[in-house]
Structures are given as C-alpha cells and as structure tokens.
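Here's the structure, in structure tokens; my notes come after.
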There are 2 protein chains.
Amino acid sequence: MNAGRTARERVRAELTREITDIARRQLAVDGAAGLSLRAVAREMGMVSSAIYRYFPSRDDLLTALIIDGYNTAGEAVERADAACPRSDYTGRWLAVCHAVRDWALARPHEYALLYGSPVPGYQAPMDTVTAAVRDTVVYGRILSEAHAAGALNPPGVCPPAPASFAGDAARVREVMPGVPDDVVARALVAWSGLFGWVSFELFGQFNAVVLDPATAFGHAMRCHAALLGLPAPAAPPHR
Amino acid sequence: MNAGRTARERVRAELTREITDIARRQLAVDGAAGLSLRAVAREMGMVSSAIYRYFPSRDDLLTALIIDGYNTAGEAVERADAACPRSDYTGRWLAVCHAVRDWALARPHEYALLYGSPVPGYQAPMDTVTAAVRDTVVYGRILSEAHAAGALNPPGVCPPAPASFAGDAARVREVMPGVPDDVVARALVAWSGLFGWVSFELFGQFNAVVLDPATAFGHAMRCHAALLGLPAPAAPPHR
DNA sequence: GTCCGTCAAGAGCAGTGCTCTCGTTTCTCT
DNA sequence: AGAGAAACGAGAGCACTGCTCTTGACGGAC
C-alpha cells in the first residue's frame, strides 16, 4: 500500500489495483466462471498477454479476489462486533450474523466464490487462510469472552459431546480459548448454521417458500444463540 | 424409461442415456465448469454438433444432470428413512442426515452443482423443483408425524417465532402439515444447518481444523435434533 | 414407392487461457 | 554517465470451448 520507491513500482501497483478492480466488477456481474482475463485486458486498453505480467494465471487473479473478499467480509464482521457493548454477547453474535448476511447479499457472486462450490481445479493457497479466518476469530472471541464471564447457560437440550471430539475441539479452541468441548461443538453447529442459512437464501433453496427472509433469518439466528447458551436478549429482538 | 415404439426412438433414448452417463462421469472428475460437450462427443465417437440433436444447449444437459442428482439424493434419503421404525423420529432424522452426507461425500461435484454456487447465467427450470424437494418432503413428513404423535418436546430454549413469520410458515407447512410456527422455524434452522455443515465439510471450511468430521457431524445433528424438540435417542448414539 | 423428418458430419465463428517472441522502456550497477 | 539487465506492451499463435449452418444420407409413415 506504501508508494513504491521507483516510478515503475508505483505504476505497477496502480495497474495491479486497476486489474483487480475491473475483475471484481466483472465478478459481480457474471460470476467467477465469467471472469475473463481478455475482457479485463480489453477494458484496460491492454493486450491480453500483458495481464500475465501482473498475474501469472487466471487462478492467481481469482486468488487475489478471494483474499480481498475474505478481508472485506472480515472487516465488516469486525466493525459490526465493535459497535456493540462488550458484555452484550447475544447482541454481538446477532450483529456478526447480520454483518455476514448483509455482506453476502451485497455481493452474491463474491460470497459464492468464497463459500460456494470451490472452482474446479483450484487449490486455495495458504495465503488465503489467514484472511479467511478473520470473521471466525471475531466469532471465537465473542464466545470465549462470554464463557469467561460466566454468561453462557448450561447445555440445556444439547447432548454432551462425545469423548472422541476432544481432538477437534482442541484445534477449534485456538480461536476460542478456554471454552469447553460442549460449547465448541455447539459453536460449530451455529457457525455452519449461519452460513448454511445464508447459502440457502442466496442460492435459491428458499425460493418461493421463504418470502420474508430477513424476519426468518433474525429468528433463526436467535435460535442459534439460544442453542449456544447465550442469554436471551433483554431489549426487543435486534432488528 | 419405456422402450420406445420405433427403432429410431429406442436408439434416441439409448444415446441420450449414454450422453448423460458420460457427462456425469466428466462432472465427477472435473466439476460442472469442466463439463464439455465436445469432450462428451469425442468420447462417444461422435462429432460435437451431433450432441445438439439431443440437448439443445450445454445448460440443458446440465439441467438433466441436476434433476438426476436431486432424484438420486431424494431416493437415498427416502430409503434411509424407510429403514427406520416409524415411531423412532430421532432415528429417522439422523438417518436422513447421514444419507445426505454420505450421498454428498460420494459425489462432491454433484453436490456442489445442486447446493453450491449456482452456475452463472443458469436459471433452474421449473422441472427441477419437483425433484429438488424429494428429500425435503421426507424431512417434513418426519416432523409432521412426530408432532402429530405428540413426540415433540416444547420449544425449550428457543424463543417464540415472530408473528410476521406466519406467512412463510404457512408455505413451509405444505410439506409439514399440522406443525405450529415455532416448530416450522426450528425446522428451517435444522435443515439449513444440515446442509451448511455438509457444505463446510465438502468445500474445505473445516480443513485442518475438524479432522474427524464423521464424529463431529453425528454430534452436530444430535444437537439439531434436540433443538427440533425430538426426543433424545434411547439407544447408544446412532453410528 | 415416394417423401418428409431425423440424423451425423463438417466447416466455421467468436470467444477463452496461455505461451513465445520481439522491440522498447526503465531501472541498476559500475 | 554509460552499459547491461530486468521489466514491459504488443502481437501472433496454439489448443480449446459453445454454438450455428449447411450438406448429404438414412429411416419410417402415408
């Protein structure tokens, strides 16, 4: 992001940014499969082979867009969480849920690129994972703090996690320190439930059935909050 | 499926089946984006233009594969449900969950085609919806029967559904007769949670974190069963 | 037995990702 | 400051895609 020393480096950074910008616009219109290096080049008044000076392949351009997408989503989630009172754990969870959904509704194709079918033959490089977990980190922190504050209700209806889950729980705990296995298990349920719902809504599984998805989504996420053991919201339901 | 009257009709049906078979094999290897009409034609010893006598466009071939996919998934779910004692509602739910997951793990690309990002520019024709809801119908019947038998526990931790959800609930009730709004809402949560989990597992969101997905999945689905109000399984946890 | 509809084949169009070469420009090192 | 190296844009070209159109042959119905 810093202005490069030489003029060449500055123009290179500028052109790289322009390529990704145009690519992101194309992605928003035609989806990942419709992203064409030649079309990007055409729109830039360049010849197609010149693009390869900046991105060695189409997949590399896609990777840049993916990392960018994870970052903007992560930022949105971080912002939503930061806007809530620290001790309103339920409100923070609901804010994260709405941030994810709003972000997805605003850029359906980008969401599909991140959380839909992986593009065939494409292997996500390691660079993506650090960006990919930004929202997960926020989520983990909420649960971690809620647990530490003793704000999490006992499991309630949920059965206890099997002993063989301990290994996976330990790995998840890296973003959710101090949380017992049972809560980790419920956390995975709620997290996959959030994205499962958004995917259903975006990919058309709710078509002609759920006509007021905003209402249903809010309620569904409050159900997940209850399953997580988060306290019932004191104020009238968020949104 | 009936043997057509004329020889021409029979050979046409035969060739159509061969095309979809080869296409499904290609789909399993390269994914939806890698499905090529020309490659199918090549494998059949045909010229590419001849395929268009049978499928007017690539999208139509894809549609045939999608409908086929929904049907095999629906059948698997129906079979799994039918194998359980009628009154073991929790067992039937868990059987449906495992049927969905097993089907998806066996054909990841086909699952991605059905429940992942919709292929860009592709609009699912109405023919698909009847096939698409086969599994949902089974799911609805389980909850409907469980509710009719009085086997569903009260909402427990879940907050009551908002009044504005009534319209959507009525539409969902078409596959879930007699079930009150609260249960309908929880049903949507569990259903999207099931597919959200499978998508996370298949699309790599659990990579390097959940290493024993089978165990975690079983527990997650038992959590959903509890949220649905299904009775705790009497026998040791299914699978 | 004719005749119309169906069929496979082939050429061709517009588009794609990607590679290679060829001058030119720009930076860097002496 | 000048020589060598690195980066760059342009262009041609390869192999591939979906799809269209035309041509000629075959098969079933009247």
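Note: hydrogens, waters and symmetry copies are ignored here, and every other heavy atom, side chains too, is used. Remember, it's a predicted structure, so these values are computed and weren't measured experimentally. Just so it is clear: chains get the letters A, B, ... in the order the sequence lines come, proteins before strands, and each one is counted from 1.
- Side-chain N or O atoms of A/S144 include one that pairs as donor or acceptor with a backbone N or O of A/P177 at under 3.5 Å.
- Heavy-atom neighbours of B/E174 CD from other residues, nucleotides or ligands within 6.0 Å: at or below the threshold of 12.
- Proximity of a side-chain donor or acceptor of B/R24 to a complementary backbone N or O of B/L65 within less than 3.5 Å is not detected.
- Counting only distance, with no hydrogens or angles, the side chain of A/R134 and the backbone of A/G74 share no donor-acceptor pair below 3.5 Å.
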Taking only N/O atoms, report every protein-nucleotides 7-11 of chain D pair under 3.5 Å with atom names and distance.
residue	atom	partner	partner atom	Å
D/dC8	OP1	A/R12	NH1	3.0
D/dC8	OP2	A/R12	NH1	2.6
D/dG9	OP1	A/Y54	OH	2.8
D/dG9	OP2	A/Y54	OH	3.3
D/dG9	N7	A/R53	NE	3.4
D/dG9	O6	A/R53	NH2	2.5
D/dA10	OP2	A/V47	N	3.3
D/dA10	N7	A/S49	OG	3.3
D/dG11	N7	A/S49	OG	3.4
D/dG11	O6	A/S49	OG	2.7

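- The side chain of B/R42 places an N or O atom within less than 4.0 Å of a non-bridging phosphate oxygen (OP1 or OP2) of D/dT17.
- Atom CZ of A/R38 is separated from atom P of D/dT17 by 16 Å (rounded to the nearest Å).
- In terms of heavy-atom proximity, B/V189 sits nearest to A/W197 at N-CZ3, 4.2 Å.
- Without hydrogens or angle criteria, A/R186 side chain to A/L227 main chain gives a donor-acceptor distance under 3.5 Å.
- Residues B/F203 and A/Y115 place their aromatic rings such that the two centres sit no closer than 6.0 Å.
- Across all their heavy atoms, B/L202 and B/P108 have their closest contact at CD2-CA, 3.8 Å.
- The distance from atom CD of B/E9 to atom C1' of D/dG28 is 10 Å, rounded to the nearest whole Å.
- Listed by first and then second residue, the salt bridge (Lys or Arg N to Asp or Glu O under 4.0 Å) pairs involving residues 202-221 of chain B amount to none (not counting sequence neighbours).
- Judged as a salt bridge (Lys or Arg N to Asp or Glu O under 4.0 Å), and not counting sequence neighbours, the contacts of B/R25 are B/E43.
- A/L35 comes within 4.0 angstrom of the backbone, heavy atoms only, and of no base.
- At the heavy-atom level, B/S57 lies under 4.0 Å from the strands shown only through sugar-phosphate atoms.
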| task | Map every base of DNA chain C to its dot-bracket character, where paired means a Watson-Crick or G-U wobble contact with both distances under 3.5 Å and | marks a partner outside the strand. | result | ||||||||||||||||||||||||||||||
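- Distance CG (B/L37) to P (D/dG18): 5 Å, rounded to an integer number of Å.
- Under the rule for a salt bridge (Lys or Arg N to Asp or Glu O under 4.0 Å), B/D135 has no partner lying at least two apart in sequence or in another chain.
- Between chain A and DNA chain C, the heavy-atom contact criterion of under 4.0 Å yields a 5' to 3' nucleotide range of C/dT16 to C/dT28.
- Rounded to whole angstrom, the span from the CG atom of B/D60 across to the P atom of D/dG18 amounts to 13 Å.
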